[in-house]
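First the structure, in the form of structure tokens, and then the observations on it.
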Amino acid sequence: MSRKPYQRELPKTTWFLRHARYKKYMLHEISAFAVAVYLLILIIGLFRLGQGEEAWAGWLSFVTSPFGLILHLIIFGLSLVHTTAWFKAVPQAMRVQRGEQFVPGPTIVGAHYVVWAAVSVFVLILAGVA
Amino acid sequence: MSERTIELEVLRYRPEQDSEPWFQTYKVSCPEEWVVLDALNYVKDELDRTLSYRWSCHMFVCGSCGMVIDGEPKLACKAFLRDYGNRIRIEPLANFPIERDLVIVMDDFMEKLESVKPYLIPKEEKSIDQGEYLQTPAQLKAYKQYSMCINCMLCYSACPQYGLAPEFIGPAALALAHRYNMDSRDVGRKAREDTVASHEGIWECSFVGACSEVCPKSVDPAGAIQQVKLTSAIDYFTSWLPGGGSR
């Protein structure tokens, strides 16, 4: 008897709308762009600083404008999504075996949060904020 | 024993009659302790003998009855009716061609599984008289989780990367490669590397993680693939160091 297998195609652009877990994945992938955009804003800031006082003041007024502040909030939110998503995934990629046991996932994730907090405090001290 | 009537919407595809799949609804009075497989067996025995699906052990061991139940890849023997509403949609595993009804064509998976050499490659072959290849409990622990795979292919059904790029070797095969690479008795990592550490191998994975979420045996193929990525990246960079070997 001849065979006639039927191939169902996955829609190339809308596949991620099919399940909540794919939407979540897309969100934390897209959040990487927010981190990239913020890096760009900071690099532009450095560049403007090099151009002199007036240019720097212009950049500063942009980032402290209402639009700049809303942008900060959005980027901060997406950065949190990005960071927490990847921290959560660390125990899968990094298994630490001690004898016949593995270091529990929450310990590894917790250590990442501790280091994150420590680095943040260090940066704030450097910036003269804390 | 409480019963309720459940409507099973089952995807049908009969290659000799149908040009494309369609849904057929069966009304079945089901005891609450049934699993979806019991309901399908009832349909097959009492209502419609033409319905085709795979199953064997009925106890999450054989990996035969994988299907998509209400949009989620599941073993039909592990999907309890009490967890579902009065209408249940049952489809064959996604990302595979449909042979007939709920039966998929698994040739692609079998070829990929074979390509990663999923067997022990010892340093020296021993005869039976020479005894076992010994291993400590800690060495066993290092790979045991990845040895629990039952080849049910739910992970391939959940993996959008496999759906979009069918050349991807995929979660279960890569997790099994990792299982043997992590085995202290095995020296086959180099022999598997060309397949595993290729673009169609681990680097095609974008870590959606769906494979690990649907795995009925908690194998965590996504984790295995990320670990292989790490080892492979370290291999690549150390190959640039003096005495690091050929690239």
Side-chain angles (χ1 to χ4, degrees), chain A residues 1-36 78 81-112 115, chain B residues 11 13-21 68 71-73 91-101 103-105 107 136-146 158-166 182 206-214 220-230:
Chain A
M1 197 171 72
S2 68
R3 292 173 59 195
K4 199 181 80 179
Y6 186 89
Q7 181 76 50
R8 293 179 298 171
E9 297 294 335
L10 198 60
K12 293 265 184 255
T13 49
T14 55
W15 62 268
F16 63 93
L17 299 172
R18 290 189 158 192
H19 200 293
R21 71 163 66 91
Y22 301 148
K23 290 181 199 163
K24 218 166 130 191
Y25 160 76
M26 272 310 211
L27 181 69
H28 76 69
E29 287 291 292
I30 287 167
S31 62
F33 285 101
V35 178
L78 287 169
V81 168
H82 197 72
T83 309
T84 50
W86 287 109
F87 278 10
K88 191 173 154 235
V90 170
Q92 284 180 278
M94 196 177 88
R95 293 209 306 174
V96 184
Q97 190 177 353
R98 293 270 175 272
E100 288 174 39
Q101 300 299 323
F102 288 102
V103 175
T107 309
I108 295 174
V109 177
H112 279 72
V115 172
Chain B
L11 196 84
Y13 175 64
R14 300 158 304 172
E16 63 283 355
Q17 312 168 49
D18 302 329
S19 58
E20 56 182 40
V68 174
E72 192 74 12
E91 297 167 76
L93 291 177
N95 302 332
F96 291 100
I98 304 172
E99 182 78 54
R100 172 185 296 273
D101 298 339
V103 176
I104 52 105
V105 182
D107 301 6
T136 67
Q139 287 170 328
L140 168 70
K141 184 80 180 181
Y143 68 83
K144 190 170 181 212
Q145 180 182 9
Y146 307 114
C159 176
Q161 205 63 28
Y162 179 60
L164 295 167
M182 296 288 284
S206 59
F207 202 1
V208 179
C211 53
S212 297
E213 287 180 36
V214 303
D220 191 12
I225 294 173
Q226 308 324 305
Q227 290 165 41
V228 181
K229 280 182 187 171
L230 189 65

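Every value quoted in this text rests on a predicted model; they were computed, and no experiment measured them. Order of the sequence lines fixes the chain letters, A, B, ..., with proteins taken first and strands second; residue numbering starts at 1 for each chain.
- Both the backbone and the side chain of B:Pro92 come within less than 4.5 Å of a heavy atom of chain A.
- Between chain A and the options B:Ile104, B:Val208, B:Val228, B:Ile225, heavy-atom pairs under 4.5 Å are most frequent for B:Val208.
- Closest non-hydrogen pair, B:Ala138 versus A:Gln97, comes out as O-NE2, 2.8 Å.
- Taking CD from B:Gln139 and CD from A:Glu100, the interatomic distance works out to 10.5 Å, rounded to the nearest 0.5 Å.
- Minimum heavy-atom separation, B:Val105 to A:Pro5: CG2-CB, 3.9 Å.
- For the residue pair B:Ser19 and A:Tyr6, the shortest heavy atom distance occurs at O-CE1, 3.6 Å.
- For B:Phe96, the part lying near chain A is the backbone, with the side chain staying farther off; criterion is any non-hydrogen pair under 4.5 Å.
- Ranked by heavy-atom pairs shorter than 4.5 Å toward chain B, the options A:Gln101, A:Met94, A:Arg95, A:Gln7 are led by A:Arg95.
- Listed options B:Gly71, B:Pro21, B:Ala224 were ranked by heavy-atom pairs under 4.5 angstrom with chain A; first place goes to B:Pro21.
- For chain B, no part of A:Pro91 is nearby; none of its heavy atoms comes within less than 4.5 Å.
- Per-residue counts of heavy-atom pairs under 4.5 Å with chain A were compared for B:Gln226, B:Glu99, B:Glu20; the largest is that of B:Glu99.
- Every residue meeting the side-chain hydrogen bond (donor to acceptor under 3.5 Å, both in side chains) condition with B:Asp220, not counting sequence neighbours, appears here in chain and number order: A:Gln92, B:Ser212.
- Of all residues in residues 15-25 of chain A, those placing a non-hydrogen atom less than 4.5 angstrom from a non-hydrogen atom of chain B are A:Trp15, A:His19, A:Arg21, A:Tyr22, A:Tyr25.
- Residue contact with chain A, scored on non-hydrogen atoms closer than 4.5 Å, involves the backbone of B:Asp18 exclusively.
- Looking at heavy atoms from C-beta onward, A:Lys4 lies in side-chain contact with B:Tyr13 at the 4.5 angstrom threshold.
- Residue B:Glu72 touches chain A through its side chain alone, counting heavy-atom pairs closer than 4.5 Å.
- The minimum heavy-atom distance between B:Leu93 and A:Arg8, with the atom names listed, is O-NH2, 3.4 Å.
- Of the listed residues B:Ala222, B:Pro160, B:Ala210, B:Gly163, the one with more heavy-atom pairs under 4.5 angstrom with chain A than any other is B:Pro160.
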